[in-house]
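For clarity, every value in this text was computed on a predicted model and none was experimentally measured. In the text below, chain A, chain B and the rest are named by the order of the sequence lines, each starting its count at 1.
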2 protein chains.
Amino acid sequence: MTTIHEVAQYAQVSIATVSRYLNDTAGVRPETGRRVREAIAALDFQPNQIGRSLKTASTRALGIVIPSLENPVFAQAVSGFDAAARRRGYSVMMTTSEYDQHREIEAVETLLRYQVDGLALTATRSDAPVVRERLAANRAPYTLIYNEPTPDERAVVTVDNAAAAAVAAEHLVELGHRRLAMITGRLAESDRASRRRDGFVGAIARLGLPAPQVREVDFSARDVRPVLEQLLGTPATRPTALFCSNDRLAIAVIGAANRMGLRVPRDISVVGFDGIDLAREFVPSLTTVVQPSYDIGYAAAKAMLDRRAGQDPTMPVILPFSLRIGESTAPLGQDGPTTPRPVCPPQSNEAML
Amino acid sequence: MTTIHEVAQYAQVSIATVSRYLNDTAGVRPETGRRVREAIAALDFQPNQIGRSLKTASTRALGIVIPSLENPVFAQAVSGFDAAARRRGYSVMMTTSEYDQHREIEAVETLLRYQVDGLALTATRSDAPVVRERLAANRAPYTLIYNEPTPDERAVVTVDNAAAAAVAAEHLVELGHRRLAMITGRLAESDRASRRRDGFVGAIARLGLPAPQVREVDFSARDVRPVLEQLLGTPATRPTALFCSNDRLAIAVIGAANRMGLRVPRDISVVGFDGIDLAREFVPSLTTVVQPSYDIGYAAAKAMLDRRAGQDPTMPVILPFSLRIGESTAPLGQDGPTTPRPVCPPQSNEAML
DNA sequence: GTGAAAGCGCTAACAC
DNA sequence: GTGTTAGCGCTTTCAC
């Protein structure tokens with residue numbers, strides 16, 4: 001590896017001058033600059049960021065810990081995070097926690113050992129104290145993403161999950177549905193899911209309708225069919241519309257319904273949550289609450305970088321969601337759009353709230 | 001930040017002893033070890049990886065550059081890469097090139113500046129010399145992932161794209177289709193797509209059938225409808241089956257077909273490439289050539305880490321693909337599985353080749 | 001078994 | 001405008 005020392009030697013200057021040239025601090029005489037430039041080119045020199053980091057106590061790297069990359073929601077968030085970091089000349093270290101609390105702590109500690117200048121994290125539950133202590137004790141700014149803001153927590157970028165779930169409920173009720181139900185991932189493992197449940201149940205109560213049944217399924221459940229059969233088993237209490245705590249679940253539910261001989265939305269309406277891209281292309285296209293995942297990642301990186309620059313005090317950032325109306329919901333007793341479907345792009349259905 | 005120095009002071013030992021304790025090199029007397037352990041706990045000390053890296057010339061970090069995280073294929077590869085790295089105590093730095101050659105080079109240079117101990121990259125085209133030079137000039141091992149092996153390139157983890165595309169062609173022909181076509185992303189921007197085209201066209205030629213039409217679409221094409229209309233416009237030459245160079249495209253194509261009033265597979269069969277998870281849940285579920293994306297990422301990290309350990313010389317790693325038969329393909333003139341669909345899990349249709 | 005000291009590659013005072 | 005030098009946090013000889 002070529003070092004700054006060799007460059008200095010080749011260019012017949014001191015290493016300080018090379019450093020000044022590289023960082024554009026203090027004036028380097030044009031002629032000297034040229035010699036340094038030639039030396040760098042000749043030796044194919046790239047400054048060692050490790051040496052630089054040790055001295056400056058800044059790695060110009062940001063860390064991000066998410067539950068999983070297999071969920072497009074988080075992949076998109078990382079995408080936005082990377083874009084925002086890159087824009088300001090930062091790099092990103094990333095790892096996944098696999099929805100495991102131990103792994104989550106371990107991941108945070110690892111990234112902190114690498115001296116990242118900021119750290120974004122989707123905690124299993126934002127009220128779990130362990131991780132937050134680790135984070136708070138550290139010099140680096142951190143931001144919780146997707147997590148529910150807690151009263152004492154000011155560093156968080158998310159959407160209002162309760163309000164968003166309420167909108168899903170209202171949409172279904174407007175379509176005439178009265179018996180609703182929710183299928184959700186494990187509530188204990190996700191404060192987001194809990195809040196969505198609360199918002200959904202609360203909205204239905206406010207509308208004076210009977211409380212919805214809520215069914216938890218394992219997050220990785222490949223087969224939601226048993227849950228669905230149980231839910232739809234009793235004709236008297238059979239729901240006519242389902243709210244799913246995320247899009248993957250909603251898609252799995254529609255698939256299972258199909259295999260059970262049910263048609264969506266004719267026999268049952270389904271609403272998802274997340275707004276993943278592919279859900280648009282589904283048949284039927286999914287009605288879903290869209291959260292701006294790319295923006296969440298982007299805002300998290302931006303917030304931490306701004307904070308470093310000492311701009312303003314930390315505040316929770318609550319990003320807007322929207323309801324994207326697709327073909328998986330229809331008025332009670334109707335079969336939704338007929339085939340062939342409308343030609344208009346589904347985007348135009350998007351309603352900003 | 002607490003340093004090793006403070007720990008040493010607190011424990012009344014030298015920093016060398018603390019270092020020995022941390023790295024478990026040389027024997028530290030149990031009693032001394034206890035004091036150090038207490039000091040570490042009391043001060044909440046975490047070793048600074050930057051200092052460590054500078055001294056040892058190893059960051060214990062791996063880098064990965066992929067075109068985009070929005071494509072589940074690459075997200076899964078990163079997931080596997082992260083898992084393999086983590087297993088051996090390595091961390092990962094990640095960034096995306098957004099299918100841009102300049103950005104690709106920049107990304108590689110950035111990660112190299114961070115002194116990553118290995119670098120995985122999906123190059124736009126593996127035969128583009130620029131990046132490979134950069135990589136070859138460096139001390140760190142690298143691996144191309146997804147890219148087509150070139151004669152002189154030994155560090156690559158991928159599948160046999162040509163053979164895989166041929167299997168797609170054979171599947172369609174077996175079903176009785178004779179007029180085939182392919183819709184692909186920009187060939188100039190992806191050596192994978194080029195190879196798949198070659199494999200598809202070649203297989204059809206070998207089978208003695210008329211050459212398929214091949215249409216390129218922009219990678220980000222939200223609307224493939226015009227292409228589809230053009231392709232299906234002439235009844236005499238109208239293909240009865242389509243091969244798409246990736247699953248997202250295939251899904252978009254099925255969506256567009258639906259909106260045009262066509263039914264898949266009744267009116268036209270569609271085969272994808274990639275094997276993304278959600279494609280299973282689609283209605284109709286997608287017939288697709290599955291590449292083991294997680295394994296590709298995993299193998300890439302593992303290969304570089306093994307190589308560091310000086311095990312064996314670099315060899316191209318060609319991972320097996322498989323054809324997953326879904327509901328989007330059917331015998332010519334038939335409407336595929338009837339509704340309701342079979343109850344058996346789609347996994348059981350998977351044929352290992 | 002433990003300590004003293006050199007030095008990894010770089011930046012930033014401080015001299016001149 | 002440029003050189004000299006100290007030192008960031010750590011590991012690793014080399015002594016003892």
Side-chain angles (χ1 to χ4, degrees), chain A residues 1-37 39-40 43-61 89 109-110 112-117 138-140, chain B residues 1-37 39-40 43-61 89 109-110 112-117 138-140:
Chain A
M1 196 186 42
T2 25
T3 72
I4 199 175
H5 205 94
E6 303 170 60
V7 174
Q9 201 166 317
Y10 189 102
Q12 305 274 41
V13 296
S14 74
I15 58 168
T17 299
V18 178
S19 176
R20 289 190 188 103
Y21 172 84
L22 290 170
N23 297 291
D24 202 22
T25 65
V28 174
R29 200 193 306 160
E31 159 61 12
T32 315
R34 193 184 51 70
R35 286 221 313 281
V36 173
R37 187 163 40 251
I40 289 175
L43 302 174
D44 197 22
F45 169 74
Q46 290 278 99
N48 182 326
Q49 179 62 37
I50 300 298
R52 191 175 273 186
S53 297
L54 188 57
K55 178 66 189 177
T56 60
S58 162
T59 51
R60 297 190 74 78
E109 291 187 336
T110 300
L112 256 21
R113 270 202 295 276
Y114 276 95
Q115 310 295 116
V116 290
D117 290 344
N138 201 272
R139 53 157 191 70
Chain B
M1 197 184 43
T2 348
T3 72
I4 199 174
H5 206 94
E6 302 169 60
V7 174
Q9 201 166 316
Y10 188 102
Q12 304 274 40
V13 296
S14 74
I15 58 169
T17 299
V18 178
S19 175
R20 289 190 188 103
Y21 172 83
L22 289 170
N23 298 290
D24 201 23
T25 65
V28 174
R29 200 192 306 160
E31 159 61 12
T32 314
R34 194 184 52 70
R35 287 221 313 282
V36 173
R37 188 164 39 252
I40 289 175
L43 301 175
D44 197 22
F45 169 74
Q46 291 279 98
N48 182 323
Q49 179 63 37
I50 302 298
R52 191 174 271 187
S53 298
L54 188 56
K55 181 63 190 178
T56 61
S58 162
T59 51
R60 296 190 74 78
E109 291 188 335
T110 300
L112 257 20
R113 271 202 296 274
Y114 276 94
Q115 311 294 120
V116 289
D117 290 343
N138 200 273
R139 54 157 190 70

Across all chains, not counting sequence neighbours, the salt bridge (Lys or Arg N to Asp or Glu O under 4.0 Å) partners of Arg113(A) are none

Would Ile15(B) and Thr3(B) count as a side chain to side chain contact (heavy atoms under 4.5 Å, CB included) here? Give the steps. CA-CA 10 Å; Ile15(B) 58 169; Thr3(B) 72; over 6 Å; no

Taking only residues two or more places apart in sequence, or in another chain, which ones meet Ser19(B) in a side-chain hydrogen bond (donor to acceptor under 3.5 Å, both in side chains)? Asn23(B)

Nearest heavy atoms of Leu43(B) and Thr2(B), plus distance in Å: O-OG1, 3.4 Å

In B/S/- notation (B base, S sugar-phosphate only, - none; protein heavy atoms under 4.0 Å), nucleotides 2-12 of chain C written 5' to 3' is BBB-BBBBBBB

dG1(D) P sits how many Å from Arg34(A) CZ, rounded? 17 Å

Spell out, as yes or no, whether a donor-acceptor pair under 3.5 Å connects the side chain of Gln49(A) to the backbone of Thr59(A). yes

Can you check the Gln9(B) CD to dC10(D) C1' distance for me, whole Å? 17 Å

Using atom CG of Asp117(A) as one end and atom C1' of dC8(D) as the other, report the distance to the nearest whole Å. 15 Å

